[in-house]
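Following: one structure in structure tokens, then a few remarks.
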Amino acid sequence: MQIYKNQTLKIYNSIAGKKEVFKPINEGHIGMYVCGPTVYSNVHLGNCRTFMSFDMIFRYFKHLGYKVRYVRNITDAGHLVDDADEGEDKIAKKALLEQIEPMEVVQRYTVDFHNTLQKFNFLPPSIEPTATGHIIEQIEIIKEIIEKGFAYEVNGSVYFDVVTFNKTNNYGKLSGRKLEDMIANTRELSAQSDKKNPQDFALWKKAEPEHIMRWPSPWGDGFPGWHLECTAMSTKYLGKTFDIHGGGMDLKFPHHECEIAQAEASNGVSPVNYWLHANMLTLNGKKMSKSTGNNIYPNEMFTGENPILSKPFSPSAVRFFMMQAHYTSILDLSNDALLASEKGYLKLMEAITNLKGLPTGSSSNLNVDAWKQKCYDAMNDDFNSPILIAHLFEAVKHINLIKDGKESITANDKTILEETLNTFVFEILGLTGVNEDGNGNSKKLEEVVNLLIQLRNDARSNKDFALSDQIRDQLLAMGIQLKDGKDGTTFNVS
RNA sequence: GGCAUCGUGGCCGAGUGGCUAGGCAGAGCUCUGCAAAAGCUUGUACAGCAGUUCGAAUCUGCUCGAUGCCUCCA
């Protein structure tokens with residue numbers, strides 16, 4: 001279904017600084033590139049939020065009927081640890097530390113990354129290319145940039161000549177910086193550099209003898225610079241100009257700025273039509289960061305084993321928490337905020353469960369078609385998932401009223417409501433049901449609790465309230481809450 | 001220091017020139033054997049100051065505060 005033909009999607013384009021109507025290069029097709037993780041340590045929850053934002057965006061595009069090629073790379077080599085002058089490979093450093101092969105580090109953390117995303121119910125990207133798998137492509141780009149006069153070689157390393165580039169192009173247009181200002185503000189601290197200019201960045205770095213990760217090149221053994229892989233892989237799989245490039249806000253400068261420069265220098269055209277930047281997840285009001293240790297890991301969320309958490313939170317509850325904030329806003333993680341959104345999540349899930357058994361009538365109190373369009377409108381407005389969720393709760397309210405016999409819904413409307421809820425909640429937001437990310441014993445648990453409910457109801461009809469309350473209260477102490485409704489008793493597990 | 005973003009009620013978090021955000025928590029009511037759940041009703045708000053306007057939380061300016069980037073980081 002080509003839903004996109006009837007919906008107008010607006011996207012906040014970082015490079016334009018405003019929302020723009022989205023129009024893909026080829027009708028019905030979208031090329032999207034998102035900067036993936038550097039696999040030298042476990043992904044923390046902040047990393048996950050960015051990828052989750054783009055997972056949601058990917059899901060919405062697909063729902064709209066676009067054929068999407070979603071490329072998300074794995075950075076498994078080449079990022080420098082300190083200053084570019086120091087020339088040390090992050091992956092190699094970690095490998096020496098742990099006395100294993102670099103590719104072993106890469107493998108371990110790539111697996112961790114995939115496992116984590118799977119728990120959060122991510123859709124796999126169409127292509128997940130690695131930097132080490134595209135060394136040849138990167139070398140070719142460097143050759144081209146040198147040829148066009150935008151790069152120079154010094155002592156086996158190649159640097160991008162930002163000053164020369166800026167004469168014909170605009171270096172800084174994405175991040176709103178001016179090269180003159182940057183030069184004016186540079187402190188001359190690091191001497192002995194091969195670079196002509198501090199703003200120049202490495203395309204290729206010469207490998208010192210002790211450097212394990214190295215590849216032959218026209219300039220000697222070395223490794224690619226840290227912005228190049230994205231240019232190489234996005235160009236290879238999506239073309240010289242493609243629709244969407246995403247990534248974390250912290251990559252805007254210099255990483256994405258350099259990508260633009262590399263692509264314009266080598267291809268002569270602007271690489272990206274729409275730049276999307278997902279904002280940070282903060283902890284204690286500060287950005288999560290590997291280096292400062294201000295972070296929390298997904299597994300700590302699921303087990304509750306972190307000092308700031310009062311209890312474990314399911315992947316889906318965490319996902320709901322993140323979806324309640326707009327992807328361009330900073331979101332601060334706290335136990336209170338998680339508890340609040342978990343309750344909301346459970347309420348939403350329960351309503352969806354209850355919807356199935358709802359009676360139908362001759363009229364509807366909710367204008368289902370109008371409501372459905374409001375859901376689309378929310379997503380069409382730069383993927384505004386918080387507004388969407390607000391609308392979902394409007395449906396929850398009606399479902400509960402119908403369940404209480406205070407409102408009614410026609411059979412046809414009920415079908416639309418059910419389909420729409422399933423679409424937005426599971427397909428687009430990517431949430432899963434309460435017990436679905438559990439351990440598979442939910443069926444047995446359900447049977448056991450239903451038996452207890454039956455026993456309690458017998459006790460209640462015999463006015464044996466001591467027994468009935470004992471069943472209810474002890475179940476509650478175990479985290480199983482009984483809910484007496486008009487048509488019997490249900491329960492949920494927290 | 002430079003560039004950028006943000007500052008919304010007890011907490012989280014949308015919105016953006018006039019019209020309900022939503023969730024959680026609080027209060028009252030309905031329901032209930034009592035509760036819980038659910039429903040209904042309900043209070044506290046747009047950092048400060050000045051300006052533009054018939055009207056601003058929303059636009060402009062300034063002040064204060066916070067964050068991000070400027071060095072690897074989603």
Side-chain angles (χ1 to χ4, degrees), chain A residues 17 34-38 40-41 43-54 75 79-84 86 88 90 172 175-178 181-182 184-187 189-190 199 226 246-255 257 277-282 285-292 295 320-321 324-326 328-345 347-348 350-351 354 378 381 384-394 396-397 399-401 403-407 460 463 465 468-469 472-473 476 481-486 489-492:
Chain A
V34 172
C35 293
T38 304
Y40 68 98
S41 63
V43 285
H44 59 64
L45 203 63
N47 301 120
C48 295
R49 157 125 112 138
T50 295
F51 301 130
M52 194 180 288
S53 296
F54 288 106
T75 296
H79 279 205
L80 306 177
V81 168
D82 297 317
D83 196 28
E86 299 292 327
E88 196 175 2
K90 228 180 224 177
S175 54
R177 284 157 213 251
K178 288 193 172 69
D181 295 347
M182 288 165 61
N185 286 309
T186 304
R187 290 177 214 153
L189 289 178
S190 53
Q199 277 67 42
W226 47 287
M249 200 68 116
D250 49 351
L251 296 183
K252 198 171 182 182
F253 188 90
H255 184 60
E257 200 71 71
H277 287 100
N279 220 137
M280 302 291 101
L281 179 69
T282 60
K286 294 263 198 295
K287 178 189 170 186
M288 284 195 199
S289 164
K290 285 166 188 165
S291 50
T292 62
N295 54 26
F320 183 80
F321 166 72
Q324 266 192 314
H326 188 81
T328 58
S329 294
I330 292 169
L331 175 64
D332 191 59
L333 186 87
S334 70
N335 194 59
D336 285 351
L338 283 163
L339 285 172
S341 65
E342 183 189 48
K343 282 200 176 180
Y345 162 69
K347 186 174 166 181
L348 175 64
E350 187 164 4
N354 289 338
D381 186 13
N384 200 323
S385 55
I387 294 287
L388 168 66
I389 289 171
H391 294 324
L392 297 180
F393 277 106
E394 196 189 328
V396 168
K397 187 171 170 173
I399 290 169
N400 287 330
L401 281 167
K403 186 165 173 267
D404 276 10
K406 289 170 182 160
E407 283 194 357
R460 290 175 76 198
K463 301 228 185 295
F465 297 124
S468 70
D469 288 356
R472 179 182 71 194
D473 297 341
L476 185 63
Q481 183 185 40
L482 299 187
K483 299 177 179 187
D484 297 326
K486 248 184 146 53
T489 303
T490 56
F491 72 95
N492 67 23

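Throughout, a chain's letter reflects where its sequence line sits, starting with A, and its residues are numbered from 1. Predicted model only: the values in this text are computed from it and were never measured.
- By the 4.5 Å heavy-atom criterion applied to side chains, A:Asn47 and A:Pro37 are not counted as neighbours.
- Nearest to the side-chain atoms of A:Lys287 among the listed nucleotides B:rC70, B:rC34, B:rA74 stands B:rA74.
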Distances under 3.5 Å only, N/O to N/O: pair up the protein atoms with those of nucleotides 45-48 of chain B.
none

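- As judged by a 4.0 angstrom heavy-atom cut-off over every strand, A:Ser175 is placed among residues touching the sugar-phosphate backbone only.
- Side chain of A:Asp484 to backbone of A:Thr489: no donor-acceptor contact under 3.5 angstrom is found.
- In this structure, CD1 of A:Ile389 is placed 11 Å from P of B:rG23, rounded to the nearest angstrom.
- In RNA chain B, runs of at least 3 stacked Watson-Crick or G-U pairs (N1-N3 plus N6-O4 or O6-N4, or N1-O2 plus O6-N3, all under 3.5 Å) give these stems: B:1-7 with B:64-70, B:10-12 with B:22-24, B:26-30 with B:38-42, B:47-51 with B:59-63.
- Side-chain proximity of A:Phe253 to the nucleotides B:rC69, B:rC11, B:rG33 is greatest for B:rC69.
- The shortest side-chain heavy-atom distance between A:Leu338 and A:Leu333 falls under the 4.5 Å cut-off.
- When all heavy atoms of A:Ala325 and A:Arg49 are compared, the closest pair comes out as CB-NH1, 4.3 Å.
- Taking each heavy atom of A:Arg460 and A:Phe465 in turn, the nearest pair found is O-CE2, 4.1 Å.
- Rounded to an integer number of Å, the gap from CG of A:Leu392 to C1' of B:rA21 is 13 Å.
- Of the charged side-chain nitrogens involved, none lies within less than 4.0 Å of a carboxylate oxygen, so that A:Arg177 and A:Glu257 do not count as a salt-bridged pair.
- Taking NZ of A:Lys483 as the start and OG1 of A:Thr490 as the end, the distance is 6.0 Å to the nearest 0.5 Å.
- When atom types are taken as modelled, the side chain of A:Thr282 and the backbone of A:Leu331 share a donor-acceptor pair closer than 3.5 angstrom.
- Here B:rC70 presents its P atom at 10 Å from CG of A:Leu251, a figure rounded to the nearest Å.
- By the stacking rule of 5.5 Å between ring centres and under 30° between planes, A:Phe465 stacks on the base of B:rG33.
- Taking every heavy atom of both residues into account, A:Phe54 and A:Gly246 meet most closely at CZ-CA, 3.4 Å.
- Among the protein residues, A:Gly172 comes within range of no part of the nucleic acid, since none of its heavy atoms lies under 4.0 Å from any strand.
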Tabulate protein N/O versus nucleotide N/O from nucleotides 36-40 of chain B, keeping only pairs under 3.5 Å, one per line.
from	atom 1	to	atom 2	distance (Å)
B:rA36	O2'	A:Gln481	NE2	2.6
B:rA36	N1	A:Asp484	N	3.2
B:rA36	N1	A:Asp484	O	3.0
B:rA38	O3'	A:Asn400	ND2	3.0
B:rA38	O2'	A:Asp404	OD2	3.3
B:rG39	OP1	A:Asn400	ND2	3.0
B:rC40	OP1	A:Lys397	NZ	3.1

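- Side chain of A:Asp332 to backbone of A:Gly285: a donor-acceptor contact under 3.5 angstrom is found.
- Put simply, NZ on A:Lys286 is 8 Å from C1' on B:rU67, counting in whole angstrom units.
- The shortest distance between side-chain heavy atoms of A:Met280 and A:Met288 does not fall below 4.5 Å.
- Across B:rG23, B:rC70, B:rC11, the shortest atom-to-atom separation from the side chain of A:Phe393 is found for B:rG23.
- Between the side chain of A:Asp469 and the base of B:rG33 there is at least one donor-acceptor pair of N/O atoms closer than 3.5 Å.
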